[in-house]
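Shown next, in structure tokens, is the structure this report addresses.
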Amino acid sequence: MHWPVVCENREGGGAAAGGRGGRSMPPPFRIAVLGAQGVGKTAIVQRFLHDDYSEAPTPATSHARRVHLSAAVLNGHVHDLQITDYPAITSFPGNSMQEWTDTCCRGIRSAHVYILVYDICCFDSFEYIKTMRQQILETRVLGTGDMPILVVGNKRDLQRGRVIPRHNMSDLVRKNWKCGYVECSAKFNWHVLLLFGEALRSVGCARCKHVHATIRFQRALRNERCALM
């Protein structure tokens, strides 16, 4: 399914939460993007926010997390988005003390949905998200429901180098893990909007649950607010 989409990148994200036109707004959706080094996490986020792609890899020495503020229109209602692009962390923090001791992990345990990205041509990157998913499930509890996790196979444009058949991966993730699964290509902007739409649906917002819910992202009306932390 495709949505008419583009993303609004705003300055002063906190002020927006107070309301537009005097109306109060729901709290922002917090989206955490995780994956091993080199899988294309940052490329996916940049493609979504700016419709931009760069071949230059993120420096391996970069340990800062990047927090992006954006917005989505879900069935006519505006919701703030907080998308955090995390570096490749060694393990998911088991408690709040560990989370705040390691600066690159701050805010990770309060995410509403996790996007776990792997490279379809790299088996080790899949093992990374497999471990990360297990650690998330072991250390986080979200009421009585399931923790929303979306598994994303990036670099679909390199299909010939795939290490695990798509059908096998989809069955494992959807049937065994009970998670959403999307493949995309940040380079060619294929299914990038789809994956963020699926991520929002998985949060379980009442306005997103309906199969035919309209999801609209509005892009680049003002400069995006991004903080390196």
Side-chain angles (χ1 to χ4, degrees), residues 1-21 23-35 39-54 58 62 64-87 104-117 148-150 152 154 180 182 184-209 213-229:
M1 177 178 291
H2 297 278
W3 296 280
V5 192
V6 262
C7 153
E8 179 187 1
N9 302 316
R10 298 184 323 278
E11 293 190 11
R20 290 177 175 81
R23 292 179 296 177
S24 61
M25 290 183 59
F29 290 129
R30 294 188 293 273
I31 302 173
V33 185
L34 302 170
V39 298
K41 302 185 304 294
T42 300
I44 289 173
V45 173
Q46 290 301 312
R47 176 63 85 178
F48 171 68
L49 292 172
H50 306 294
D51 194 18
D52 182 44
Y53 177 81
S54 173
T58 303
S62 175
R65 75 191 198 280
R66 292 172 169 81
V67 181
H68 305 267
L69 300 181
S70 186
V73 181
L74 311 178
N75 282 355
H77 298 269
V78 180
H79 294 262
D80 286 320
L81 304 180
Q82 178 179 300
I83 303 171
T84 305
D85 177 10
Y86 286 93
C104 72
C105 289
R106 289 181 181 173
I108 198 170
R109 288 177 54 82
S110 62
H112 293 119
V113 58
Y114 295 93
I115 296 177
L116 305 184
V117 183
I149 295 175
L150 178 67
V152 174
N154 189 30
V182 175
C184 74
S185 168
K187 182 174 183 178
F188 291 105
N189 198 18
W190 187 74
H191 280 186
V192 173
L193 295 179
L194 174 67
L195 78 87
F196 279 95
E198 289 297 321
L200 291 182
R201 289 173 184 275
S202 70
V203 173
C205 168
R207 298 189 182 98
C208 312
K209 282 182 177 179
T214 299
I215 300 180
R216 183 183 184 88
F217 303 107
Q218 299 183 331
R219 187 191 328 263
L221 299 182
R222 288 182 286 279
N223 290 334
E224 178 217 4
R225 181 182 179 186
C226 173
L228 301 182
M229 309 175 78

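Throughout, residue positions are numbered sequentially from 1 according to the sequence presented.
- A search for side-chain hydrogen bond (donor to acceptor under 3.5 Å, both in side chains) contacts involving Thr84 returns nothing, not counting sequence neighbours.
- Residues Lys41 and Leu34 come closest through the heavy atom pair CD-C, 3.3 Å.
- Shortest non-hydrogen contact noted between Leu150 and Gly180 is CD1-C, 3.4 Å.
- In this structure, the side chains of Val45 and Val33 come closer than 4.5 Å at one or more pairs of heavy atoms.
- Using cut-offs of 30° and 60° for the angle between ring planes, the His112 and Phe29 rings count as perpendicular.
- Residues His68 and Gln82 have side chains not in contact (no heavy-atom distance under 4.5 Å, counting atoms from C-beta outward).
- Between Leu200 and Ile31, some side-chain heavy-atom pair lies under the 4.5 Å cut-off.
- Partners of Asn154 under the side-chain hydrogen bond (donor to acceptor under 3.5 Å, both in side chains) rule, at least two apart in sequence or in another chain, do not exist in this structure.
- A pairwise comparison of heavy atoms in Ala199 and Ile115 identifies CB-CD1, 4.0 Å as the closest pair.
- Side-chain contact between Cys184 and Leu194 is absent, with no heavy-atom pair separated by less than 4.5 Å.
- In this structure, Arg30 contributes its side chain and Ile83 its backbone to no donor-acceptor pair below 3.5 Å.
- Nearest heavy atom pair, residue Pro87 against residue Cys104, reads CG-CB, 3.8 Å.
- Contacts classified as salt bridge (charged side-chain N to carboxylate O under 4.0 Å, His left out) and involving residues 185-195 (residues at least two apart or in different chains) are given here: Glu55-Lys187.
- Among all heavy-atom pairs drawn from Val113 and Ser202, the shortest one is CG2-OG, 3.3 Å.
- Nearest heavy atom pair, residue Arg47 against residue Ala186, reads NE-O, 2.9 Å.
- When atom types are taken as modelled, the side chain of Tyr86 and the backbone of Ile108 share a donor-acceptor pair closer than 3.5 angstrom.
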